[in-house]
Amino acid sequence: MIMNIKILAFAMTMSITATAQTPKLSKNNIDEVLHAMTLEEKASLLIGGEYDFWSTTAVAGNSSRTVPGAAGSTIAIPRLGIPETILTDGPAGVRINPTRPETDKTFYATGFPVGSCLAATWNTELASRVGKAIGNEVKAYNCDVILGPGMNIHRNPLCGRNFEYYSEDPLLTGKIAVGYVNGVQSEGAGVSIKHFAVNSQETNRTGVDEQLSQRAAREIYLRGFEIAVRESHPWTVMSSYNRINGVFVQANYDLLTKILRDDWGFKGIVMTDWCGKREQAGLYTIDEVKAGNDLMEPGCKEQVDDIVAGVKSGKLRMEDVDKCVRRILEYIVLTPHFNGYKGNNAPDLKTHAVVSREVAEEGMVLLKNNGVLPLGAKGSLPKRVSLYGTGSYNFLSGGVGSGCVHTPYIIDLVQGLKNVGIEATADLTEIYKKYIDYAKLKFEADRSGYRWFEAPLMGDQKMPEIDITQELLKKQLKQSDMAVITISRQAGEGIDRKIDGEFNLTPQEMKMIQDVTTAYHAENKPVIVVINSGSVMETTSWSAYPDAILLAWQPGEEGGNAVADILTGKVCPSGRLSMTWPLAATDHPSTKNFPQDIDLFTYENLGAGGAPIPTRDVTKHEEDIWVGYRFFDTNRRQVAYPFGFGLSYTTFNFSAPTVKRSGDKITVSVTVKNTGSVAGKEVAQVYVAAPKGKLEKPTKELKAFGKTRTLKPGETQTLQMTLAVRDLASYDEKNSQWLADAGTYTFLVGSNVEAVKGKATLTLPQYTEKTSNALAMKK
C-alpha cells in the first residue's frame with residue numbers, strides 16, 4: 001500500500017514537472033514558449049501548413065483542409081497550445097470555395113468593388129467600412145487573415161493586376177489602405193498588405209529583376225506601404241516574388257529589415273507570396289529567414305529540413321530563427337483561432353451587400369455627359385433600352401486569379417435597370433444570353449489546363465463581341481428609347497494586358513460604337529457607354545460618339561444596381577480617377593520598358609511539359625519618379641482624363657484655402673459649397689509645389705485630400721486636411737535622408753490635378769530625416 005502511494009506520488013510529481021516544463025501559449029509567456037520549443041518545432045512554425053499545395057491534385061489556393069479554398073495556414077503545435085491559423089485570399093472579399101461536397105450549405109462571400117473602384121471613392125471612411133465588413137466575413141468563415149489590400153503602384157496601365165491596386169499615387173494608395181486595414185483589424189481579424197514591393201508586372205513575376213533608383217523606390221513604390229505601416233499597423237506584410245536591384249525580395253535584408261523594421265518600426269510578421277521552395281532560381285530558405293521573412297507560404301517539408309540543417313551546420317543562426325518564431329507567436333496570440341472565436345459560416349451578406357453597393361456608386365466616375373444624364377431629369381424615364389455588348393449581360397464584378405470572389409449573385413445591367421423600371425428589349429437580351437452561354441462553353445473547351453488563371457473558379461472571363469448588323473439596329477430602334485453599350489475588359493493574376501485589343505478597342509468594338517451611335521442619333525435617341533473594366537483603357541478614338549460615358553470599373557456583386565442608380569440620378573456621381581487616363585498607352589514613359597514583346601501564356605510559348613517560359617529577366621525603371629501625373633503634369637502632356645478627374649450632376653465652389661502649421665503638422669482648410677441644384681459630394685485635392693532646391697521635383701504632388709458629406713444645394717462644408725512636414729520631403733540618395741528644402745511651399749487646392757481652384761503659401765525651414773542606406777542599384 002505504501003509502495004503504491006509512493007508510485008502514485010512520483011507519477012504526480014512527474015506530471016506536475018512535465019506540465020511546468022511544457023507551457024501553453026498565452027499573451028504573456030511568449031518567451032517561455034519559445035524557450036520550450038524544439039528546433040524542429042521552430043522550423044515548422046516558420047513554414048506554411050500547405051505541404052501539398054503544388055501537388056498534382058491541388059489547385060493553387062484550394063488545398064486548405066480546415067477551410068476549403070483558403071490560401072494557406074500556419075501549423076498547430078498542440079503540446080504548446082499553439083493553434084493553426086488560416087489565411088484567405090482577397091482583397092475584394094473573402095475567397096474560399098463556395099460549396100463543399102459534404103453539405104448542401106453554401107459559403108459565398110460578399111463581392112466588393114475592386115481596388116481601383118474603392119480608391120476612386122477618395123473616401124477613407126468608406127474604405128474602413130469595407131474593411132470592417134470583410135473582417136467580419138474573415139472571422140465568420142473561420143479564417144484569421146485576409147491577403148490584402150493590394151497596394152502596388154499603377155506604374156503602367158498594362159499591368160494585369162492593376163484592378164486589385166489603388167492608384168498611381170502613393171499617398172492615395174496609403175490612405176485608402178489605412179482605412180481598409182483599420183476596418184478589418186477593428187473586427188479582430190488581420191490583413192497582409194501586398195505585394196511588398198515593386199511588383200509592377202505579372203510577366204515573369206517570380207523572377208524579374210525590377211531595377212530602380214533608391215529615390216524612386218522610397219518616394220513612389222514604398223511610400224504607400226510606409227503610410228499603411230505607420231498609421232494602421234497591419235498584422236502582416238507579404239513579400240513579393242520579384243527581385244529588386246538583383247536581390248530576391250523574399251531574401252532582401254535591406255527591404256525586410258532595414259527599411260520595413262528599422263526605418264518604419266514594423267512589428268508584425270512578413271510572409272512570402274505563394275511560391276514554395278525556389279532553390280533552382282537562386283532563392284534559399286535560410287536566406288529568407290536571415291532577411292526577416294518570418295513565414296514561408298504555402299510551405300513544403302523540405303523548407304523545414306532546410307532550416308534545421310542550416311542551424312545544425314552553422315549556416316543559420318538560432319538567433320535569426322528565434323526572431324522569426326517570436327514574431328509568429330506574437331501574431332498568433334492576436335488571431336481569432338487563438339482567442340477561441342468560432343465562426344458560424346453565416347456572415348450577414350445582406351448588410352454587407354449594402355456596403356458593396358454604396359462603394360460601387362461612390363467609386364464610379366462620370367467621364368462624359370452632354371446633358372443626357374441623369375435619365376428622366378427633363379421628363380419621365382425611358383421605358384425600354386437596347387443593351388449592346390456582352391458585358392451588359394455578363395457584367396464583370398471583379399478580376400481573375402486569386403483576387404476573385406465567389407459571390408452569391410451578380411447584378412447585371414438587365415436586372416439593375418429593371419429594378420428602376422427600365423426594361424431591356426427582350427429579343428436582343430435573348431440573343432446575347434444564348435450567345436454567352438455558348439461562348440463560355442467553347443472558351444472552357446479550348447482552354448489550356450496551364451492557363452490556371454482562366455479556370456472557372458478563378459473568375460468570369462470577358463466573352464468576344466458579336467456583330468451588330470444594320471438590320472438588327474433597325475429592329476432595335478423601333479423598340480427602344482435609348483441604347484447602352486457596355487465595353488468590358490478582364491485582367492488578372494499571371495498575365496499582363498496587351499495594347500491591341502485590350503488597352504485599345506478591338507475593330508469590332510469600334511464598329512459597334514460607331515454604328516449604334518450613328519443609328520440612334522439619327523432618330524435623336526441617346527447612347528451611353530458603360531466601361532466595365534478594373535483598369536485604364538483608350539477612349540480618345542471613340543469618346544466623341546456617345547452622349548455619356550460612365551466608368552463603372554468592376555464594381556462587385558451590386559454593380560448593375562449601382563449603374564442604374566447613377567444613370568437615373570438616384571445617386572449623384574462623386575467618383576474621381578485615381579490614375580491618369582492617357583491618350584495612348586505609349587504616352588507613359590514606362591511603356592518602353594514594360595513587357596510587350598512577349599506573350600507569357602500562349603499555346604506557342606509553352607515549354608516542355610506545358611510550363612510557361614520565363615522571357616523577361618529585367619525591367620528597368622528608367623522613368624524613375626516620373627510615374628503617372630508626375631510625368632504628364634510636369635511635362636504638360638495632354639491626356640484623355642487627368643488624375644483626380646470626375647464629373648457630377650451638380651456644381652461646387654471652393655473658397656480661398658488657408659494653410660497653418662502647428663509643430664510638425666500642417667492643416668489646409670477650404671470651404672466647399674454646392675452651387676448646383678442636385679445634392680452631391682465633392683473631393684478637395686491638395687497638391688503642393690515645392691521651392692526650387694537640391695533635388696528635381698514634379699510640378700506638384702498630391703499631399704492631402706478630403707471628401708465632403710452629401711451637400712444639399714446651397715449647403716457648405718469646411719474640410720480640414722492635415723499632413724506632416726515630413727510629407728513634403730523628397731529622398732536624397734547621396735545622404736540617405738528625406739529632405740525638404742527651406743523655402744516657400746505653395747498649396748494648391750482643386751478638383752483634379754489640372755483644375756486648381758485656389759492656393760495658399762507657407763514658408764518652412766529645411767527638414768531632414770536620416771534613413772538606412774538600402775536598395776542601392778548595382779552599377
Side-chain angles (χ1 to χ4, degrees), residues 120 122 153-158 162 167-173 212-213 215-216 219-221 223 365 367-368 499 503-504 535-544 549 551 576-594 621-647 654 657 668 683-705 727-731 740-741 743-761:
W122 291 65
I153 291 296
H154 290 206
R155 174 186 177 235
N156 189 278
L158 302 178
N162 276 352
S167 176
E168 68 189 27
D169 181 78
L171 176 81
L172 182 58
T173 294
L212 74 169
S213 70
R215 182 180 179 187
E219 288 187 27
I220 305 297
Y221 300 97
R223 184 74 178 107
V365 182
L367 296 178
K368 178 184 178 180
I499 293 177
F503 182 85
N504 295 341
S535 303
V536 178
M537 61 178 296
E538 189 272 336
T539 59
T540 307
S541 66
W542 57 269
S543 60
I549 304 173
L551 171 58
R576 304 293 181 258
L577 295 178
S578 62
M579 74 293 289
T580 304
W581 282 49
L583 299 179
T586 50
D587 287 350
H588 276 272
S590 60
T591 300
K592 75 172 185 176
N593 286 308
F594 195 87
H621 292 237
E622 293 178 348
E623 73 282 356
D624 202 46
I625 65 168
W626 307 103
V627 174
Y629 74 85
R630 285 170 168 78
F631 168 76
F632 291 105
D633 185 56
T634 301
N635 291 280
R636 299 182 180 181
R637 292 287 296 270
Q638 185 180 355
V639 299
Y641 303 104
F643 178 81
F645 175 83
L647 299 176
F654 288 66
V668 181
V683 178
Q685 303 166 30
V686 179
Y687 298 89
V688 176
K692 186 175 178 58
K694 298 177 182 177
L695 303 174
E696 184 182 12
K697 303 187 72 162
T699 298
K700 53 181 176 288
E701 296 177 280
L702 183 73
K703 296 299 180 183
F705 61 90
D727 295 334
L728 302 176
S730 296
Y731 194 70
D741 290 292
T744 299
Y745 289 78
T746 303
F747 293 76
L748 308 139
V749 180
S751 57
N752 66 65
V753 72
E754 293 183 359
V756 174
K757 307 294 184 180
K759 62 183 179 180
T761 59

Just how far is it from atom [atom1] of [X] to atom [atom2] of [Y], taken to the nearest 0.5 Å?
X      : Y      : atom1 : atom2 : answer
Leu647 : Leu551 : CG    : CG    : 11.5 Å
Arg155 : Asn593 : CZ    : CG    : 6.0 Å
Arg576 : Ser751 : CZ    : OG    : 7.5 Å
Ile153 : Thr173 : CD1   : OG1   : 4.0 Å

Under the side-chain contact (heavy atoms from CB on, under 4.5 Å) rule, collect the residues that match up with [X], sequence neighbours excluded.
X      : answer
Ser541 : Met510, Glu538
Pro698 : Ile625, Trp626, Arg630, Thr634, Glu701
Ala684 : Phe654, Val670, Leu719, Met721, Val749
Pro589 : Glu623, Phe631

In Val365, Thr540, Ile549, the residue satisfying side chain to side chain contact (heavy atoms under 4.5 Å, CB included) with Tyr641 is Ile549
Validation row: [X], [Y] side chains within 4.5 angstrom (heavy atoms):
X      : Y      : value
Phe643 : Glu754 : no
Pro582 : Phe632 : yes
Val753 : Tyr687 : yes
Thr539 : Lys368 : no
Asn162 : Val536 : no
Val627 : Tyr221 : yes
Pro170 : Glu219 : no
Leu577 : Leu367 : yes

Which atom pair, heavy atoms only, marks the closest approach of [X] to [Y]?
X      : Y      : result
Ser590 : Asn156 : OG-ND2, 2.9 Å
Asp741 : Leu695 : OD2-N, 4.5 Å
Pro657 : Ala760 : O-CB, 3.6 Å

Give a yes or no answer on whether the side chain of [X] reaches the backbone of [Y] with a donor-acceptor pair at less than 3.5 Å.
X      : Y      : value
Gln638 : Leu583 : no
Gln685 : Leu702 : no
Lys703 : Asp727 : yes
Ser167 : Ser578 : yes
Thr761 : Thr744 : no
Trp122 : Phe705 : no

Would you please test Val688 and Lys697 for side-chain contact (heavy atoms from CB on, under 4.5 Å) and show each step?
-> CA-CA 11 Å; Val688 176; Lys697 303 187 72 162; over 6 Å; no
Dump the intermediate steps for side-chain contact (heavy atoms from CB on, under 4.5 Å) on Ser213 and His621, then the final yes or no.
-> CA-CA 8 Å; Ser213 70; His621 292 237; over 6 Å; no
Report the C-alpha separation of His588 and Phe594 in whole Å, then their side-chain angles, then the decisive distance to 0.1 Å, and conclude whether the side-chain contact (heavy atoms from CB on, under 4.5 Å) test is met.
-> CA-CA 10 Å; His588 276 272; Phe594 195 87; over 6 Å; no
Is any NZ, NE, NH1 or NH2 atom of the basic residue among Asp169 and Arg223 found under 4.0 Å from an Asp or Glu carboxylate oxygen of the other?
-> no
Go through the structure and list residues passing ring-ring contact (aromatic ring centres under 6.0 Å, His included) with Tyr745, not counting sequence neighbours.
-> none
Residue pairs passing the salt bridge (Lys or Arg N to Asp or Glu O under 4.0 Å) test where at least one lies in residues 633-643, sequence neighbours excluded | Asp587-Arg637, Asp633-Lys700
